[in-house]
2 protein chains.
Amino acid sequence: MDQLEIFKALSNKTRLQILQWLKEPENHFAKQDHADFETIGVCVGQIQQKAGLTQSTVSDYLSMLQKAGLLESTRVGQWTYYRRNPVAFEALSDFIKTAI
Amino acid sequence: MDQLEIFKALSNKTRLQILQWLKEPENHFAKQDHADFETIGVCVGQIQQKAGLTQSTVSDYLSMLQKAGLLESTRVGQWTYYRRNPVAFEALSDFIKTAI
DNA sequence: TAGGTATATCGGGAAAAGTCGATATACCTT
DNA sequence: AAGGTATATCGACTTTTCCCGATATACCTA
């Protein structure tokens, strides 16, 4: 776990918001046709639409969050689904409580 | 609590390190003449020396951490002592566990 | 194979953060 | 009051981040 990389990933309003959305997908996204976002996540297009930024920016943001370990992704056909990685948040929460 | 401001404050190697030092001052700093760092904190000069950056940079960093709520400061004579604000870390740890 | 859709990557211009040296401020001592 | 020490603030330069448009890649369907 590279905490510095994680904190950098969290240092952006839109990226923070995306994480909040992905915490409760059913409250923030329309139901998807080919995937249950409870288990596999939400596709890039839906996140992009909600964020109101360009596709390239949102794709960048998601891969940044994934590189930091906060998100996981699954490719299914032409879609990439992103979802929270709960373990990372627990570890980070712990780091904050015990190390700094 | 402005989480975005907090995460920005945490997005720097030296600032993260300062927080780790201030978590256990007795393990990282020499005893001070005029103050007990367990209660009042560590003065800027000692932190600067350990960080190896200029005085102005470290002063900036400390005030940034304080603005974010992570540190508290006390002025005594010509010294300013900085110490952890434990409540802020608990709140942040909680935010990470419950909101994102 | 050709065209359509979803996502990723690349290159760049603008804005913000990192870090410094110089200077200002505050306080202490004589 | 004058000089010394500790910290804060300012201005500038460099590096990084933000966010875009354009293009590439991957996959699907007819």
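Just so it is clear, the model here is predicted, and its values are computed rather than measured. Naming convention: chains lettered A, B, ... in sequence-line order (proteins, then strands); numbering from 1 in each chain.
- For A:N12, counting side-chain heavy atoms from C-beta on, the closest listed nucleotide (C:dA8, D:dC19, D:dT7) is D:dC19.
- Note: B:F95 and B:F7 have tilted aromatic rings, judged against thresholds of 30 and 60 degrees for the angle between ring planes.
- Rounded to whole angstrom, the span from the CG atom of B:L62 across to the C1' atom of D:dT7 amounts to 10 Å.
- The side chain of A:D60 approaches C:dC10 more closely than any other nucleotide in the set C:dT7, C:dC10, D:dA8.
- If you measure from atom CZ of B:F7 to atom P of D:dT17, you get 17 Å, rounded to the nearest angstrom.
- With C:dA17, D:dT17, D:dC19 as the choices, the nucleotide that has an atom nearest any side-chain atom of B:K8 turns out to be C:dA17.
- With rounding to whole Å, B:Q66 atom CD is found 10 Å from D:dT9 atom P.
- Rounded to an integer number of Å, the gap from CD of B:Q48 to P of D:dA6 is 11 Å.
- Here CZ of B:F89 is found 5.0 Å from CD1 of A:I100. Values are rounded to the nearest 0.5 Å.
- The number of heavy-atom neighbours closer than 6.0 Å to CD of B:Q20, taken from other residues, nucleotides and ligands shown, is above 12.
- Distance CD (B:E5) to C1' (C:dA16): 15 Å, rounded to an integer number of Å.
- What separates CH2 of A:W79 from P of C:dA8 is a distance of 14 Å, to the nearest Å.
- Across all strands, A:T57 comes closer than 4.0 Å to base atoms (heavy-atom distances).
- In the set C:dC27, D:dT9, D:dC28, the nucleotide with an atom closest to the side chain of B:Q78 is C:dC27.
- The nucleotide whose nearest atom lies closest to any side-chain atom of A:Y82 is, among C:dG21, C:dC27, C:dA8, C:dA8.
- To the nearest angstrom, P of D:dC18 lies 12 Å from CG of A:L10.
- Distance CG/A:L92 to CD1/A:I6: 5.0 Å, rounded to 0.5 Å.
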Practice prompt. Any chance you could lay out the side chain to side chain contact (heavy atoms under 4.5 Å, CB included) test for B:V58 and B:T14, step after step, and finish with the verdict?
Written response: CA-CA 9 Å; B:V58 173; B:T14 303; 5.8 Å; no
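- Neither OP1 nor OP2 of D:dG21 sits under 4.0 Å from any side-chain N or O of A:S56.
- For B:Q49 and D:dT5, the CD to P distance is 15 Å, given to the nearest whole Å.
- Distance check, rounded to the nearest 0.5 Å: CG of A:L22 to CD of A:Q17 gives 11.5 Å.
- B:S59 has a side-chain polar atom (N or O) that falls below the 4.0 Å cut-off from OP1 or OP2 of D:dA8.
- Between the side chain of A:Q55 and the base of C:dA6, no donor-acceptor pair under 3.5 Å is found.
- In terms of position on DNA chain D, the residue among A:G77 and A:L53 whose nearest nucleotide sits closer to the 5' end is A:L53.
- At the phosphate of C:dA8, neither OP1 nor OP2 sits under 4.0 Å from any side-chain N or O atom of A:R75.
- Among the nucleotides C:dT7, D:dA22, D:dC19, the one closest to any side-chain atom of A:V44 is C:dT7.
- Contact annotation for B:T14: no contact, since no heavy-atom pair falls under 4.0 Å across all strands.
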